[in-house]
Structures are given as structure tokens and as C-alpha cells.
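All of these numbers come straight from a predicted model, not from anything done at the bench.
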Amino acid sequence: NVFWLSGFYFTQAFITGVKQNFARKYTIPIDTLAFDYEVMPEDCDTTKPPEDGAYVNGLFVDGARWDREKNVFAESTPKVLFDTMPMILMNPMKKVDIPD
């Protein structure tokens, strides 16, 4: 139920597939879609797939870190070059419906 995104050879095909499944489910054109992202808490239940979109992990941040207590990007820890990101929900939405 969680996809290791950095393990894919051609990630664009996976991302297009997620959009395509959403577009077919709701019968809307795929070119009107984009992604909204939600960083999931550590204790998130991933035994069932999300209603729409996909859970992904395996992403890294270079030059910053994800503050797991405040759920925001923060300054990187000294002498640490990169940090792992928690699991992320890639949620397809109509471009006009994505919040700012």
C-alpha cells in the first residue's frame, strides 16, 4: 500500500498512472489534474490504500530537514547533508481545486 518511489526506474509512469486512475474514476480529463501533497504522521495506518492517490516513501531532502514535531521544513542539522522524508500522500486533484 506504500510505494517506494526512489526504487522505480521510470517514476513518471507511476505518477501518470496515479493521475490516470483518478481521471477514469471521476471521468475528468487527465490534463486538468495536478497533485496535492500531504506529509503523513509516523503513526499513519497504511494497511488500507487511500481512497484516491498513493502513499509514497523513499524521498530525501538535501540542504534542509523535515521537522517531525512541527511538520514543517527546518534548517538542516550541522554536518548532515540530507534527511529522509516521512511517507507522503500524493493526492490528485483538479488544478483549480488545489489550495494555495
Main-chain N/O of [Y] paired to [X] side chain as donor or acceptor, under 3.5 Å:
X: Arg65; Y: Glu75; result: yes
X: Ser6; Y: Leu59; result: no
X: Asn1; Y: Thr47; result: yes
X: Asn91; Y: Asp36; result: no

Phe82, CZ: over 12 other non-hydrogen atoms inside 6.0 angstrom: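 It does not: Phe82 CZ has 12 such atoms or fewer within range.
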With Ile15 via side-chain contact (heavy atoms from CB on, under 4.5 Å) - residues at least two apart: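 Ile15: side-chain contact (heavy atoms from CB on, under 4.5 Å) contacts with Phe35, Met90.
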Any residue meeting side-chain contact (heavy atoms from CB on, under 4.5 Å) with Thr84, in chain and number order, not counting sequence neighbours: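 For Thr84, the residues satisfying side-chain contact (heavy atoms from CB on, under 4.5 Å) (neighbours in sequence not counted) are Phe60, Arg68.
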side-chain contact (heavy atoms from CB on, under 4.5 Å) assessment of Leu89 paired with Tyr37: CA-CA 6 Å; Leu89 172 61; Tyr37 303 94; over 6 Å; no
Side chains of Met85 and Val39 in contact at under 4.5 Å (non-hydrogen atoms):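 Result yes, sub-4.5 Å side-chain heavy-atom pair found.
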Close side-chain approach of Glu38 to Ile88, heavy-atom, < 4.5 Å: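 No - every pair of side-chain heavy atoms lies 4.5 Å or more apart.
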Straight-line distance of Asn57 CG to Met40 CE, nearest 0.5 Å: 12.5 Å
Gap separating the NZ atom of Lys19 from the CZ atom of Phe14, nearest 0.5 angstrom: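 If I round to the nearest 0.5 Å, the distance is 12.5 Å.
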Taking all non-hydrogen atoms of both residues, which atom of [X] and which atom of [Y] are closest, and how far apart?
X: Lys95; Y: Ala34; value: CG-CB, 3.7 Å
X: Val56; Y: Val2; value: C-CG1, 4.2 Å
X: Pro86; Y: Trp66; value: CG-CD1, 3.4 Å

Show which side-chain atoms of residues 24-31 pair as donor or acceptor with protein atoms under 3.5 Å away, not counting sequence neighbours.
unit_1 : atom_1 : unit_2 : atom_2 : d
Lys25  : NZ     : Glu51  : O      : 3.2
Lys25  : NZ     : Glu51  : OE2    : 3.3
Lys25  : NZ     : Asp52  : OD1    : 3.0
Tyr26  : OH     : Asp52  : OD1    : 3.3
Tyr26  : OH     : Asp52  : OD2    : 2.9

Within the 6.0 Å centroid threshold, strictly below: Tyr55 and Phe3: no
Cluster link Leu5 to Val61, ILVMFWY, side chain under 4.5 Å: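 Cluster IDs for Leu5 and Val61 match.
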